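Comments concern the structure below.
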Amino acid sequence: MLSRKRRGAARLAAAVVASGLVAAGAIATAGSAVADETVAGHGGATATLGGLKVYDQAIVHGEGGDQPLGAGLFEMSVDNGGTLQTYCIDVHNPTQQQAKYQEVPWSASSLHNNADAGKIRWILQNSYPQVNDLAALAQKAGAQGLSEKTAAAGTQVAIWRFSDHVKVDAVNPAAEKLADYLERSARNLAEPKASLTLDPPAVSGKSGSRLGPVTVRTNADSVAVSPAADLPSGVKVVGKDGKPVTSAADGSQLFFDVPKGAEDGSTSLTVQAATKVPVGRAFTGIGEHAKSQTQILAGSSESTVSAAATASWKKQGAVPAVTAQKNCSKGGVDVTTTNRGDEAFPFSLSGKDYEVAPGESKTVTVPVGEDQPYKITVKGEGGFEKTFSGVLDCKTAGSGGGKPTPQPSPASVGGTSGGDTGGGDLAETGSSSATPVIAGAAVALVLIGGGAVFFLRKKKAA
């Protein structure tokens, strides 16, 4: 009965969201023709945080005293299908309700300068849930016995010791034994490859040529290749052999074949696949949820991953392609401008003037303050303008001065009471798990009420 109610509430919420998206789209269309592009990971999995699902208790010891909090596995729902299990790697930073996350490389997360990042990946591969023989895991750790809750808690505690370098202990003795064993045994492993990316995500050139290559990087057996629905007449997406393609594999090179004499323009392509996201991939909040705590992947079902690339062309003159990528090591955003035209491309960026010669590219790192929202705009001749926005989140809350925050929020990991494996998670913001349903119902009632007023007024006027 409860599951049917939840499904009904989900359908209601989906209908309300769909209505809101239609309205938002109309508003966006009426706005500026130059839209902001969020700086993300250039592809992979995008997911929504569901909450802490399997957890037990831990205590963080700091200058402000001991702080109890839940420690364990989060669950995420992947856009277009799939489920992810993650652990937190940012203990002092709270999560946000239904936060959106994007798969990113370590260089774009708080792991960018962490010498122990590889040890975290070792823990993920050698503990729960990747190792589900809990009796064998308990024997290795010298523990009396482990449940899913205590195994998840012990694993999370060990990860925090490397991700945040805090003094933290599991409350349960068996979980603490596991944490100590994992910390003692961990060794550095290499960063896992992305589930799916396109490199580069933007290309340019003169009409009458093949623009590219755009190289596919994926762990999937194959990916589906889809040109934009409004692909200009005569333009094709082809492979290295010049033949049109509808699928590709890791290492495949894709090109935009633009016929000679084609009008100046642009287009795009999308690649999509169903695959398991590699254990150890980082996930950071995006959009309005950019400051939601960073997560690291512990397990994945077969999930939908995607990536996109754009192309622009001209008959003559400068033909720029501009991309942006967070660079946590340099504390900013790398803006790369490539010119595949036959004239130099002068442009302005952050109050300075630059120029890219034909056939060359230039990368400029724009400094951005930690946790600060930014908008970076590239402006060039002929009305060229491209804006990138986001929030730079490259540090854990306690990494600035080497001291943990006195009171890490229990909400950062889902609450302070024990969890279960049946989905009975606590909301990260401290609100009831029924809040989204109530909010969705409220919005629906407002819409229904508004419609009733409209029809009543119309009847009265008649």
Side-chain angles (χ1 to χ4, degrees), residues 6-7 10 13-14 17 38 40-54 72-89 95-106 108-109 111 120-121 124-125 127-132 148 152 155 159 191-199 201 216-226 246-252 269-287 289-290 292-309 421 423 425 428:
R6 285 178 176 170
R7 287 196 294 271
V17 170
T38 302
H42 296 321
T46 304
T48 301
L49 187 68
L52 196 62
K53 296 296 182 180
V54 186
L73 272 174
F74 285 89
E75 188 173 285
M76 292 189 186
S77 298
V78 180
D79 293 356
N80 300 314
T83 303
L84 306 178
Q85 291 175 305
T86 60
Y87 284 109
C88 162
I89 52 172
T95 58
Q96 295 182 29
Q97 187 85 3
Q98 295 294 296
K100 295 286 291 183
Y101 280 80
Q102 170 72 53
E103 177 188 347
V104 298
W106 289 357
S109 76
L111 296 177
I120 296 173
R121 189 187 179 197
L124 292 167
Q125 291 187 334
S127 190
Y128 180 77
Q130 289 299 308
V131 176
N132 54 22
E148 290 182 331
T155 305
I159 288 171
E191 177 180 0
K193 294 181 179 180
S195 61
L196 177 60
T197 60
L198 293 176
D199 182 30
V216 178
R217 306 292 185 193
T218 184
N219 70 333
D221 293 335
S222 66
V223 299
V225 180
S226 303
T246 56
S247 63
D250 181 46
S252 296
L269 65 81
T270 302
V271 293
Q272 192 174 79
T275 186
K276 288 187 176 181
V277 182
V279 169
R281 290 293 288 172
F283 280 79
T284 58
I286 56 176
H289 305 119
S292 192
Q293 69 179 207
T294 306
Q295 304 277 313
I296 194 163
L297 188 76
S300 169
S301 69
E302 189 165 272
S303 301
T304 302
V305 295
S306 60
T421 59
D425 60 297
E428 287 69 42

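The structure presented is a predicted model; accordingly, all values stated were derived computationally and were not measured.
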From [X] atom [atom1] to [Y] atom [atom2], the distance as rounded to the nearest 0.5 Å:
X: L297; Y: E103; atom1: CG; atom2: CD; value: 8.0 Å
X: Y101; Y: L49; atom1: OH; atom2: CG; value: 5.0 Å
X: Q293; Y: F283; atom1: CD; atom2: CZ; value: 14.5 Å
X: M76; Y: S300; atom1: CE; atom2: OG; value: 11.5 Å
X: L198; Y: T218; atom1: CG; atom2: OG1; value: 9.5 Å

Side-chain donor-acceptor contacts of residues 77-89 below 3.5 Å, not counting sequence neighbours, with atom names and distances?
unit_1 : atom_1 : unit_2 : atom_2 : d
D79    : OD1    : K100   : NZ     : 2.8
D79    : OD2    : K100   : NZ     : 2.9
T86    : OG1    : Q295   : OE1    : 2.7
Y87    : OH     : Y128   : O      : 2.9

Partners passing side chain to side chain contact (heavy atoms under 4.5 Å, CB included) against [X] (at least two apart in sequence or in another chain):
X: P201; answer: H42, T323
X: A248; answer: V216, V223, V225, S252, L254
X: Q125; answer: R121, L189, V279
X: D221; answer: none

Could you list the residues that satisfy side-chain hydrogen bond (donor to acceptor under 3.5 Å, both in side chains) with [X], not counting sequence neighbours?
X: T46; value: Q102
X: S303; value: none
X: S127; value: T155

N/O donor-acceptor pair under 3.5 Å between [X] side chain and [Y] backbone:
X: T197; Y: G43; value: no
X: S292; Y: T95; value: no
X: W106; Y: G280; value: yes
X: N219; Y: L196; value: no

Can you list the residues that meet the salt bridge (Lys or Arg N to Asp or Glu O under 4.0 Å) rule with E302, with sequence neighbours excluded?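 Partners of E302 under the salt bridge (Lys or Arg N to Asp or Glu O under 4.0 Å) test: none.
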
Between S195 and A45, what is the shortest heavy-atom contact and its length?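 Residues S195 and A45, closest heavy atoms: OG-N, 3.9 Å.
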
Answer whether the closest heavy-atom distance between the side chains of V305 and V277 falls below 4.5 Å.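 SC-SC contact between V305 and V277 confirmed.
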
